[in-house]
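The structure under discussion appears below in the form of structure tokens.
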Amino acid sequence: MTQTILDFHLTTTNEKLTPRSGVIILGEYLKGLGLEKLCNSHLPLPLNHKGYNPFEFVYPLVLMLHSGGRVIDDIREIKLDYALKQSLNIKNIPTASGIIKWLKRTGLAGVYGIEAINKTLMERYLKRITLHSDEDLILDIDATVI
């Protein structure tokens, strides 16, 4: 390629690449929050020892939604992103139909579990902040899912 103004070189590589490098930071943050332990303790566990733990459903879903996924079949993009899976040490990602079955099976217990996880994380956050007497906390509800 003939160079004009910008001084750059193109080359090929055999390294695994991902268009979701920012999602890796979110993934590490979620692990640092202890989301795995929270999910596996507040959400219904698999019916047998061969099933996926709740975190193995929740984690790729959060990553998918954060990277722009809009429908459940977009989980395939996370499943096929080998560099992302390698960077975050993700071994198993359920299929879209597996996730749907899990969501149906967890039902109301899943809603209460997510509520408990949210409450735990909010309490943890609120204990760390200090407000001055004239300051208010603003709750900004994101209606994206709705």
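The shown structure was predicted, so the numbers you read here are calculated from the model rather than taken from an experiment.
Just one of Phe57, Trp102, Tyr59 meets the ring-ring contact (aromatic ring centres under 6.0 Å, His included) condition when paired with Tyr52; it is Phe57.
Taking hydrophobic clusters as Ile, Leu, Val, Met, Phe, Trp and Tyr residues chained together by side-chain heavy-atom distances below 4.5 Å, Leu121 shares a cluster with Leu43. Both Leu103 and Leu63 belong to a common hydrophobic cluster when Ile, Leu, Val, Met, Phe, Trp and Tyr are linked at side-chain heavy-atom distances under 4.5 angstrom. Connection of Leu45 to Tyr112 is not established within any shared hydrophobic cluster, with ILVMFWY side chains joined at heavy-atom distances below 4.5 Å, either directly or through further cluster members.
When every heavy atom of Ala109 is checked against every heavy atom of Pro44, the shortest pair comes out as CB-CG, 3.8 Å. The minimum heavy-atom distance linking Glu36 with Phe55 is given by the pair CA-CD1, 3.3 Å. The two residues Leu61 and Ile75 make their nearest non-hydrogen contact at N-CD1, 4.0 Å. Between Thr18 and Ile24 the shortest heavy-atom distance is CG2-CD1, 4.2 Å. Of all heavy-atom pairs between Pro94 and Pro60, the closest is CD-CG, 4.3 Å. Counting all heavy atoms, side chain and backbone alike, Ile72 lies closest to Met64 at O-SD, 4.2 Å.
Judged purely by atom type and a 3.5 angstrom limit, Lys79 uses its side chain to pair as donor or acceptor with the backbone of Ile93.
Residues satisfying the salt bridge (Lys or Arg N to Asp or Glu O under 4.0 Å) test with Glu56, not counting sequence neighbours, are none.
Counting heavy atoms from C-beta outward, Lys31 and Leu88 have side chains that approach closer than 4.5 Å. For the pair Pro19/Asp81, a side-chain contact is recorded, criterion being any heavy-atom separation below 4.5 Å from C-beta on.
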Please report the C-alpha distance between Val58 and Leu30 in whole Å, then the side-chain angles of each, then the deciding distance to 0.1 Å, and finally whether the side chain to side chain contact (heavy atoms under 4.5 Å, CB included) criterion is met.
CA-CA 11 Å; Val58 172; Leu30 294 173; over 6 Å; no
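By the 6.0 Å contact criterion, CG on Asn48 is enclosed, its count of non-hydrogen atoms from other residues, nucleotides or ligands being greater than 12. For Ile25, the CD1 atom is loosely surrounded, since the number of other residues' heavy atoms within 6.0 Å does not exceed 12.
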